[in-house]
Amino acid sequence: MNAHNIQFHDLHPTRNEFLDDVLAGLSRQPASIPPKYFYDERGSKLFDLITRLPEYYPTRTETAILKANAQDIATHVGTGSLLVEPGGGSCEKVHILLEGLRPCVYVPMDISRDHLRLAAEELAIEYPWLEIHAACTDFTRHMSLPAALPEGKHVAFFPGSSIGNFDPGDAVEFLRAIAGLVGRGGYLLIGVDLKKDKAILEAAYDDSAGVTARFNLNLLVHINRELGADFVLDNWSHKALYDEQRGRIEMHLVSTTEQTVNVAGQTFRFAAGESIHTENSYKYSADEFIQLAEQAGFISDKVWLDANHLFSVQLFTVKS
Ligand code: AVI
């Protein structure tokens, strides 16, 4: 790698944080594990495959919205900003914005170290005029920027409806942290998946090729490898369902048999049919999401939708 316009900041969570989260999650009734641990190297690759599945409409729809409105977005936001992307591990969608926004610095932050490093290095070569500070960090815990960045208007880019993976109360907290990060005069450009027909949603999270199932099960592979656990993969199956009342997709790993699992010297019992809740993916109406963001100190500036109203890209400014 010979690009000179890139710096890498490693703030990766420790093995202890991972272990604490898994032990606490498995001790809960019902058991749950935070979805951020999906993203080891294989998990990140599987997620990239998910984004290209025919059933998984969010990525292609959001990409189309961004492409169709890149100029309008640049007109609203202006150029020369410091562009921050929490969770920007694959640096993929930002390509669409870079020419229009011409940021002075781009700061992708992601928990998946190798994935982030590779993507940032490729981006640095493709855009030699762009200064990149890639930060390997768990942005759900530490929402702070690497030191020594240039001054300037801050723009946070949070695509992919990753905000849907937070419970609404946590989403408000997270958005409040982003508002603090970008400060007065700053912007948030965010992708938000919209409420829609249950069948479309459930197919998106239980695809016919079984990629989402592999992604879900890979969480156990990650835990086995990193924490020395002994989950037997054949004893677990993937389940995704849409809870209309709560407006969320739930993903679970269901124990297919009565079994015990050992993690770092602790034993957990699972009955057949008992599950580990691995992810929520909340869906909002455009107005519901504006109300949520208002609670975090944002004001809606603009909402862009696709023709079928499957997905929204929303621009917010910080309330002064
Ligand atoms: C990253 N996140 C927005 C995805 C989602 O749609 O909630 C994660 C995912 N889980 C299963 N498929 C995709």
Side-chain angles (χ1 to χ4, degrees), residues 32-63 65-66 85-94 108-112 115-116 119 138-140 156-168 170-171 174-175 178 189-198 200-222 236-243 246-254 275-284 289 292 310-314:
S32 62
I33 295 174
K36 64 187 175 195
Y37 296 116
F38 282 136
Y39 302 94
D40 64 350
E41 200 183 341
R42 180 162 177 263
S44 296
K45 282 189 181 142
L46 285 167
F47 180 66
D48 281 350
L49 287 182
I50 288 176
T51 64
R52 282 176 240 140
L53 291 168
E55 295 98 329
Y56 194 76
Y57 63 86
T59 310
R60 62 170 178 277
T61 311
E62 181 181 51
T63 300
I65 297 171
L66 288 170
E85 186 177 354
S90 57
C91 305
E92 231 173 66
K93 289 173 195 150
V94 78
M109 306 165 99
D110 205 282
I111 194 168
S112 182
H115 201 64
L116 171 69
D138 175 3
F139 63 86
T140 61
F157 180 44
F158 198 51
S161 203
S162 295
I163 194 66
N165 297 133
F166 294 78
D167 285 339
D170 294 340
F174 176 73
L175 293 176
I178 292 197
L189 182 67
I190 187 165
V192 182
D193 196 10
L194 300 176
K195 284 187 165 149
K196 61 186 61 66
D197 194 77
K198 188 179 168 85
I200 298 176
L201 283 166
E202 289 188 346
Y205 290 83
D206 194 6
D207 61 282
S208 55
V211 181
T212 311
R214 295 214 297 280
F215 172 73
N216 200 5
L217 283 159
N218 182 60
L219 179 62
L220 304 183
V221 180
H222 188 196
W236 298 89
S237 70
H238 167 69
K239 185 168 112 186
L241 56 97
Y242 183 55
D243 182 332
R246 291 175 149 133
R248 71 184 196 196
I249 282 279
E250 290 185 4
M251 290 213 316
H252 294 263
L253 286 166
V254 184
S275 77
I276 304 174
H277 190 167
T278 52
E279 186 176 61
N280 288 321
S281 194
Y282 281 84
K283 311 300 168 187
Y284 295 95
F289 190 77
L292 192 94
L310 293 174
F311 201 92
S312 66
V313 173
Q314 308 203 16

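Values in this document were obtained by computation on a predicted structure and should not be read as measured data. Whatever order the structure lists ligands and atoms in, that order sets their numbers, starting from 1.
Closest to atom 8 (C) of ligand 1 among all protein heavy atoms lies E279 OE2, 3.4 Å. The shortest contact between atom 2 (N) of ligand 1 and any protein heavy atom is with N165 OD1, 2.9 Å. Protein heavy atom closest to atom 7 (O) of ligand 1, with residue, atom name and distance, is S281 OG, 2.7 Å.
No side-chain donor-acceptor contact under 3.5 Å links S44 and H115.
Taking the six-membered ring where the residue is Trp, F289 and Y284 present perpendicular rings, their angle passing 60° and hence far from 30°. Between F139 and F174, the ring planes lie tilted relative to each other; the angle falls in the 30° to 60° range.
Those atoms of ligand 1 that come under 4.0 Å of a heavy atom in Y39, given as number and element, are 1 (C), 8 (C). Residue G160 has at least one heavy-atom neighbour below 4.0 Å for each of these atoms of ligand 1: 3 (C). Residue Y56 approaches ligand 1 through these ligand atoms, each under 4.0 Å from one of its heavy atoms: 4 (C), 5 (C), 6 (O), 12 (N), 13 (C). The atoms of ligand 1 that sit less than 4.0 Å from any heavy atom of S161 are 3 (C).
With a 4.0 Å cut-off on non-hydrogen atoms, F38 does not touch ligand 1 at all.
The number of heavy atoms from other shown groups lying within 6.0 Å of NZ (K45) does not exceed 12.
Taking the six-membered ring for Trp, Y57 and F311 have ring centres at least 6.0 Å apart.
Between F157 and L66, the closest side-chain pair of non-hydrogen atoms falls below 4.5 Å.
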Q) Given the rule in the side chain to side chain contact (heavy atoms under 4.5 Å, CB included) test, do I276 and W236 qualify, once you have shown the distances and angles that lead to the verdict? A) CA-CA 10 Å; I276 304 174; W236 298 89; 3.7 Å; yes
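The shortest separation from a heavy atom of G164 to ligand 1 is not under 4.0 Å, leaving the residue out of contact.
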